[in-house]
Amino acid sequence: MSAKRVANPIKPAQGQTTDKDLLAVFDSLTARIAVLDRHGAILAVNSAWKQFAKDSGFAEPQCGVGQDYSTACREQGMDDADSRRAAEGIDQVVKGRRQTFQMEFQCRSLNELYRFALQVVQLRSLGNSRILVALENVTSHHQVESALRHSEERLSAILKCAAEGIVVFTAHGVIETFNNAAEKIFGYAAAEILGRDVSLLLPEPYDRLHDGFVKNYLQTGQSSIIGAGREVIGRRKDGSLFPMYIAVSEVRSEGQRLFTAIVHDVTAHKLLERQVLAIGFEEQRRIGQDLHDSIGQEVTGLSLSARGLADDLASHARPEAAA
């Protein structure tokens with residue numbers, strides 16, 4: 001697109017703000033700012049715009065001044081779709097169809113990929129129409145957002161795949177997280193238990209988990225369960241009870257005190273314990289029976305033989321008879 005002729009600067013009336021005055025203000029800002037005339041041609045750019053052009057290796061010495069803005073956009077790395085969208089938005093502001101226009105776009109310069117937030121507004125303080133274009137570099141903001149999103153996705157995957165039940169509740173006992181394993185253990189779907197009291201998962205007297213243990217910990221800093229594990233009884237949705245091992249720890253998130261309970265259903269473990277004890281008792285009974293039925297008889301026979309031998313030795317007046 002060919003460059004359009006740039007309008008002449010305005011001759012201000014007494015006390016009126018000039019383009020030069022505006023640029024003096026804009027030069028103090030970190031955003032890249034360009035002032036356009038009513039046709040969309042760039043009248044002037046601020047220092048941040050010029051510095052970005054220099055750092056990005058754009059050779060055009062005027063940094064786009066005198067060009068149509070959409071042409072400058074393409075030359076500074078905007079793709080055709082973003083360039084067309086920006087041009088359409090600016091045109092709508094110029095023609096008064098909208099007061100402002102905003103969009104975000106990616107901009108590639110040399111080996112760097114940036115992301116900018118574009119805002120276009122009409123300046124009505126001057127005699128002639130001026131369009132203000134502000135570009136704020138939001139690359140780092142999006143990088144942080146992306147890192148947080150990936151972190152949340154990883155955490156969600158870990159929670160989803162964890163073999164132990166994970167229940168996160170607030171200092172008021174309100175459940176905020178309920179993973180897949182917890183759903184299987186307690187029989188509640190996450191959607192129906194989130195926002196409800198954690199005491200639903202415990203029968204008396206263990207339902208004092210929050211009122212007793214957590215409140216005591218919040219008040220005194222001491223608790224028999226926070227930061228440690230213990231075996232308690234859990235209550236499923238159908239009301240059935242089961243043994244479980246629970247370890248509760250405190251976490252802080254955005255200034256909020258949360259408690260994470262790691263729950264392990266030990267029903268199978270308890271059954272195995274009972275089976276091992278039963279096997280032990282049966283083995284003891286078998287050994288006792290063997291002692292009674294076999295070894296006892298052998299010892300009795302040996303005793304009789306020893307007595308016979310002693311009598312024989314005594315009849316011959318042998319001193320070994322006493323032994």
Side-chain angles (χ1 to χ4, degrees), residues 29-33 48-49 51-52 55-57 73-74 76-90 98 100-121 133-186 188-198 201 214 226-227 246-264:
L29 302 179
T30 59
R32 296 169 55 198
I33 292 177
W49 181 294
Q51 187 62 47
F52 178 78
D55 295 342
S56 301
C73 288
R74 284 193 295 273
Q76 294 194 33
M78 289 179 67
D79 62 30
D80 290 339
D82 284 338
S83 178
R84 286 193 299 270
R85 186 181 171 198
E88 290 171 0
I90 293 171
R98 58 192 304 171
T100 62
F101 170 73
Q102 298 92 22
M103 66 174 285
E104 286 192 10
F105 63 92
Q106 288 185 337
C107 174
R108 182 173 295 279
S109 60
L110 299 179
N111 296 322
E112 295 283 346
L113 182 64
Y114 298 93
R115 190 168 186 87
F116 285 95
L118 167 68
Q119 184 171 17
V120 185
V121 296
V133 176
L135 292 170
E136 189 70 47
N137 190 340
V138 294
T139 307
S140 60
H141 174 71
H142 275 268
Q143 289 172 340
V144 171
E145 280 190 342
S146 178
L148 287 173
R149 183 170 61 254
H150 290 316
S151 177
E152 289 175 354
E153 289 172 353
R154 286 194 296 268
L155 178 59
S156 177
I158 292 171
L159 290 174
K160 184 177 180 179
C161 299
E164 288 77 18
I166 299 177
V167 181
V168 180
F169 56 94
T170 69
H172 299 291
V174 178
I175 298 173
E176 289 198 346
T177 301
F178 203 75
N179 75 337
N180 289 7
E183 290 182 326
K184 294 177 181 177
I185 291 173
F186 292 100
Y188 286 98
E192 61 183 326
I193 197 68
L194 294 179
R196 303 180 71 180
D197 198 279
V198 70
L201 307 178
V214 175
I226 307 301
I246 182 171
V248 182
S249 59
E250 181 187 9
V251 296
R252 293 179 181 265
S253 176
E254 298 179 352
Q256 184 182 14
R257 301 180 79 171
L258 300 173
F259 295 89
T260 300
I262 308 298
V263 179
H264 184 67

### Task
Specify the closest pair of heavy atoms between A261 and V248, including all atoms of both residues, with the distance to one decimal.
CB-CG2, 4.1 Å
### Message
Quick check: closest heavy atoms across A181 and A162, and the distance to 0.1 Å?
### Response
CB-O, 3.5 Å
### Task
Using the test side-chain hydrogen bond (donor to acceptor under 3.5 Å, both in side chains), find all partners of R149 that sit at least two apart in sequence or belong to another chain.
none
### Query
Going through the checks in order, is the side-chain contact (heavy atoms from CB on, under 4.5 Å) test met by E176 and Q256?
CA-CA 12 Å; E176 289 198 346; Q256 184 182 14; 3.7 Å; yes
### Query
With sequence neighbours left out, what residues match R115 under side-chain contact (heavy atoms from CB on, under 4.5 Å)?
E104, Q106, V138, T139, H142
### Message
Applying side-chain contact (heavy atoms from CB on, under 4.5 Å) to L201 and I175, what does each step give before you reach the verdict?
### Response
CA-CA 10 Å; L201 307 178; I175 298 173; 4.2 Å; yes
### Task
Fit a plane to each ring of F178 and Y188, take the angle between them on a 0 to 90° scale, and name the class: parallel (under 30°), tilted (30 to 60°) or perpendicular (over 60°).
perpendicular
## Note on the structure
N179 meets the side-chain hydrogen bond (donor to acceptor under 3.5 Å, both in side chains) criterion, sequence neighbours left out, with none
### Side-chain heavy atoms of F186 within contact of V263, under 4.5 Å
yes
### Query
Looking only at heavy atoms, what is the nearest atom pair of H172 and D197, with distance?
O-OD2, 4.1 Å
### Task
Return the set of residues passing side-chain hydrogen bond (donor to acceptor under 3.5 Å, both in side chains) with E192 (not counting sequence neighbours), or none when no residue passes.
K237
### Query
Nearest heavy-atom pair of G165 and I185: which atoms, and what distance?
N-CD1, 3.8 Å
#### Entry: All side-chain contact (heavy atoms from CB on, under 4.5 Å) counterparts of I262, not counting sequence neighbours
E164, I166, T260
### Message
Using the side-chain hydrogen bond (donor to acceptor under 3.5 Å, both in side chains) criterion, which residues pair with Q102? Sequence neighbours excluded.
### Response
T100
### Query
To the nearest 0.5 Å, what is the distance between CD1 (I33) and CD (E136)?
8.5 Å
### Message
Less than 6.0 angstrom from the centroid, inside 45 degrees of the normal: does R85 satisfy that with respect to the ring of F105?
### Response
no
#### Entry: Any F169 side-chain heavy atom under 4.5 Å of V174 side chain
no
### Message
If I take atom CD1 from residue I90 and atom CE from residue M103, how far apart are they, to the nearest 0.5 angstrom?
### Response
9.5 Å
